[in-house]
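Atoms within each ligand, like the ligands themselves, are counted from 1 in listed order. Source: prediction; values computed, not measured.
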Amino acid sequence: MDAMAKDGIRLQPRPGGFGCEVWGLDLARGVSEATFRRIERAWFDHSFLIYRDLQMTPAQHVAWTRRFGPLHIMVPTDWNLPEHPEIFVVGNAEREGKPLGLRRAGMGWHSDGEDKRIPNAGSMLYAKEIPPSGGDTLFADMYAAYEALPEALRQRIAGRRGRFSRIDMHQVHYPHLPPLSEADKRARPDVFHPLVRRHPGSGRPALFVGRWTRDVEGMEPEEGRALVEELFAHATQDRFVYRHVWRPRDAVQWDNRCMLHCATGFDEQRSTRLMHRTTLEGVPTS
Ligand code: SIN
């Protein structure tokens, strides 16, 4: 456990080192560059941060995340806060009969922006209102998943790129929604990303597959699909997964470059879940 430093912030890695709790961050007081660097290092070392009991206005949320890199604005913009478009609202909360955020966002293992040319580097989700039970978020460690791959499988995917296809997978993941229009398809073309990415901050390789990965460039579609399914089943085994049960005023900042995450359900008729998310811009993968 990290001793409480002079700045009053305690960093407490989770058992096994996947994830680290951050206690005592006071954004209203301002955060020195040295403290910021200590927290950023913990983020790189532990892949995600769980800020406990964090008081944070939307403006502070935007300003704090921006210290980690440029922010991404979610498109379509329908669920972004009008006064802070960098904040994407998730959940079933309503005001005057109108939904405030996107319902059932993030169900299914993915990393943010994996189906875009530039996947997002990270995200920070803040619990504004949580249900009494359910609505947990699962996180999977893609460094550990890569390290645990049998050598033959590592060789097979070395230098390969996956095809991430919103077009092929839309109906698989969203059977209840209308099919994509031709304009939607033009706006969300297939993209290719390396199946193994080296994290720029930690230097470590991580497996990169998610729910939009369809098959593998340069392989017969069937062979590629089978390989993606094998990698996906491997990566989401319980041994790589942490379940975050939200407490009020928790914020979790995850690193999309070395993790997958997955929202889980709750009783939407009886309870409310309202979350604010900022999203960090990434860089092209190839
Ligand atoms: C997301 O995928 O960004 C949302 C996760 C959650 O709401 O638990």
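Side-chain contact between H173 and R211 is present, with at least one heavy-atom pair separated by less than 4.5 Å.
Ligand 1 lies under 4.0 Å from heavy atoms of V90, G106, H110, L125, T137, W254, H261, A263, R273, R277.
Residues passing the side chain to side chain donor-acceptor pair (under 3.5 Å) test with R273, sequence neighbours excluded: T137. Under the ring-ring contact (aromatic ring centres under 6.0 Å, His included) criterion, Y242 pairs with F48, H244, not counting sequence neighbours.
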Can you give me every donor-acceptor pair (side chain of residues 105-112, partner residue at least two apart or in another chain, under 3.5 Å) with its distance?
{"residue": "H110", "atom": "ND1", "partner": "G108", "partner atom": "O", "Å": "2.8"}
{"residue": "H110", "atom": "ND1", "partner": "H261", "partner atom": "O", "Å": "3.3"}
{"residue": "H110", "atom": "NE2", "partner": "D112", "partner atom": "OD1", "Å": "3.3"}
{"residue": "H110", "atom": "NE2", "partner": "H261", "partner atom": "NE2", "Å": "3.0"}
{"residue": "D112", "atom": "OD1", "partner": "H261", "partner atom": "NE2", "Å": "3.2"}
{"residue": "D112", "atom": "OD1", "partner": "R277", "partner atom": "NH1", "Å": "3.2"}
{"residue": "D112", "atom": "OD2", "partner": "S123", "partner atom": "OG", "Å": "2.6"}
{"residue": "D112", "atom": "OD2", "partner": "W254", "partner atom": "NE1", "Å": "3.2"}

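Under the 6.0 Å distance and 45° angle rule, R197 counts as a cation-pi partner of F208.
Centroid-to-centroid, the aromatic rings of F240 and H234 come within less than 6.0 Å.
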